[in-house]
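Have a look at the structure below, then the notes.
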Amino acid sequence: MIADVLAETTTRMNRAVEAAKEDFSTVRTGRANPQLFQKVLVDYYGTPTPIGQLASMANQEARTLIITPYDKSALKAIEQAIRDMPNLGANPTNDGNLVRVTMPELTADRRKEYVKLVKTKAEDAKVHVRGIRRKSKDELDALKSELGEDEIARGEKELDALTRQHVDLIDDALKRKEAELLEV
């Protein structure tokens, strides 16, 4: 029973770490990256639709991304959604067939802002992992009547080790992203 709780906890914590890494990838560095646009929602016939479902994206050069919509009628909506996206600072241009997005050069102040943003996202992910730990601890406490206190204490130690491990994974991802952001 304890093994089941810990297995479920591990799965949920792994998903939280992956979500944090995915969230980090949406914060831009000096290069144009299609992952930056994964969370951009385009108003497509009244429905918020992820840009990845409406168009293909390709890097033309380091700071330029080409977005080719599958439906040409979505060009204006894609261009507007990119322009409205906060923390991106991109300048999309529409030539009738595709959208060309040129990313501006990052200043030192802007890089520091992005580092703060990534640190906030990392802290949110750690809070989520701790919330998973809290729920799992409650599940272990509910098993006290069926199992002995020693078994529950052993399970809680394993739970704490799991939590530390996943928080460390988030910290490692944060350090890598921070180094990537500060790299000129």
Side-chain angles (χ1 to χ4, degrees), residues 1-42 44 47-54 56-57 59 65 81 84-89 106 108-184:
M1 295 179 132
I2 291 176
D4 294 341
V5 171
L6 292 175
E8 174 68 23
T9 301
T10 302
T11 303
R12 289 170 52 203
M13 285 184 180
N14 284 339
R15 281 195 303 241
V17 170
E18 288 307 310
K21 288 179 182 177
E22 185 179 307
D23 215 13
F24 290 168
S25 70
T26 63
V27 177
R28 71 172 283 227
T29 56
R31 299 178 286 297
N33 182 350
Q35 285 229 293
L36 293 172
F37 298 91
Q38 292 304 317
K39 297 212 175 185
V40 174
L41 294 177
V42 178
Y44 187 63
T47 306
T49 309
I51 198 167
Q53 294 178 10
L54 294 175
S56 65
M57 294 179 262
N59 278 61
L65 188 74
D84 294 344
M85 178 138 180
N87 295 326
L88 199 56
L106 287 178
D109 290 341
R110 194 75 168 144
R111 289 176 192 275
K112 289 176 185 172
E113 282 179 37
Y114 285 146
V115 168
K116 282 183 190 175
L117 179 67
V118 170
K119 285 183 178 179
T120 303
K121 290 176 183 273
E123 193 55 43
D124 291 345
K126 289 181 202 176
V127 167
H128 187 68
V129 166
R130 291 183 197 117
I132 293 169
R133 180 204 174 278
R134 191 176 325 104
K135 287 179 186 171
S136 298
K137 186 177 179 328
D138 291 344
E139 289 175 22
L140 287 176
D141 288 344
L143 296 174
K144 260 186 188 168
S145 62
E146 298 172 35
L147 304 170
E149 294 216 3
D150 291 342
E151 289 291 315
I152 299 298
R154 183 185 56 77
E156 287 179 6
K157 282 184 183 176
E158 288 181 40
L159 182 61
D160 289 343
L162 264 177
T163 304
R164 265 192 309 281
Q165 176 187 359
H166 286 84
V167 167
D168 289 345
L169 287 172
I170 292 169
D171 284 337
D172 290 345
L174 170 64
K175 286 177 189 167
R176 281 194 303 277
K177 186 64 178 185
E178 195 173 341
E180 186 181 320
L181 282 168
L182 295 175
E183 176 185 312
V184 177

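Being a predicted model, the structure only gives us computed values, none of them experimental. For this chain, numbers begin at 1 and follow the sequence in order.
- Side-chain atoms of Thr9 do not come within 3.5 Å of backbone N or O of Ala7 as any donor-acceptor pair.
- To the nearest 0.5 Å, the span separating CG on Leu147 from CG on Leu140 amounts to 9.0 Å.
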Solution key, residues 121-132 side-chain donor-acceptor pairs under 3.5 Å, sequence neighbours excluded:
residue: Lys121; atom: NZ; partner: Asp23; partner atom: OD1; Å: 3.3
residue: Lys126; atom: NZ; partner: Asp171; partner atom: OD1; Å: 2.6

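- Heavy atoms only, all atoms of each residue included: Ser136 and Val5 are closest at O-CG1, 3.9 Å.
- A search for salt bridge (charged side-chain N to carboxylate O under 4.0 Å, His left out) contacts involving Glu158 returns Arg154, not counting sequence neighbours.
- The two residues Ile2 and Ile152 make their nearest non-hydrogen contact at CD1-N, 4.2 Å.
- To the nearest 0.5 Å, the span separating CZ on Phe24 from CG on Leu181 amounts to 10.0 Å.
- Atom CD1 of Ile51 is separated from atom CE of Met57 by 5.5 Å, given to the nearest 0.5 angstrom.
- When every heavy atom of Leu41 is checked against every heavy atom of Ala81, the shortest pair comes out as O-CB, 3.6 Å.
- Salt-bridge formation is not detected for the pair Lys175/Glu178: no Lys NZ or Arg NE/NH1/NH2 atom is positioned less than 4.0 Å from an Asp or Glu carboxylate oxygen.
- Residues Leu174 and Val118 approach most closely at CD1-CG1, 3.3 Å, considering heavy atoms.
- By the 4.0 Å N-to-carboxylate-O rule, Arg134 lies too far from Asp138 to be salt-bridged with it.
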Starting from the C-alpha separation in whole Å, work towards a yes-or-no answer on salt bridge (charged side-chain N to carboxylate O under 4.0 Å, His left out) for Lys116 and Glu113. CA-CA 5 Å; Lys116 282 183 190 175; Glu113 282 179 37; over 6 Å; no
Could you walk me through whether Glu151 and Met1 pass the side-chain contact (heavy atoms from CB on, under 4.5 Å) test, one step at a time? CA-CA 10 Å; Glu151 289 291 315; Met1 295 179 132; over 6 Å; no
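- Looking only at distances, no side-chain donor or acceptor of Arg111 sits under 3.5 Å from a matching main-chain atom of Leu182.
- Atom CG in Asn14 sits 12.0 Å away from atom CZ in Arg12 (nearest 0.5 Å).
- Contact check for Met13 versus Glu8: no side-chain heavy atoms found under the 4.5 Å cut-off.
- By the 4.5 Å heavy-atom criterion applied to side chains, Arg133 and Asp160 are counted as neighbours.
- A pairwise comparison of heavy atoms in Lys21 and Ala173 identifies CG-CB, 4.0 Å as the closest pair.
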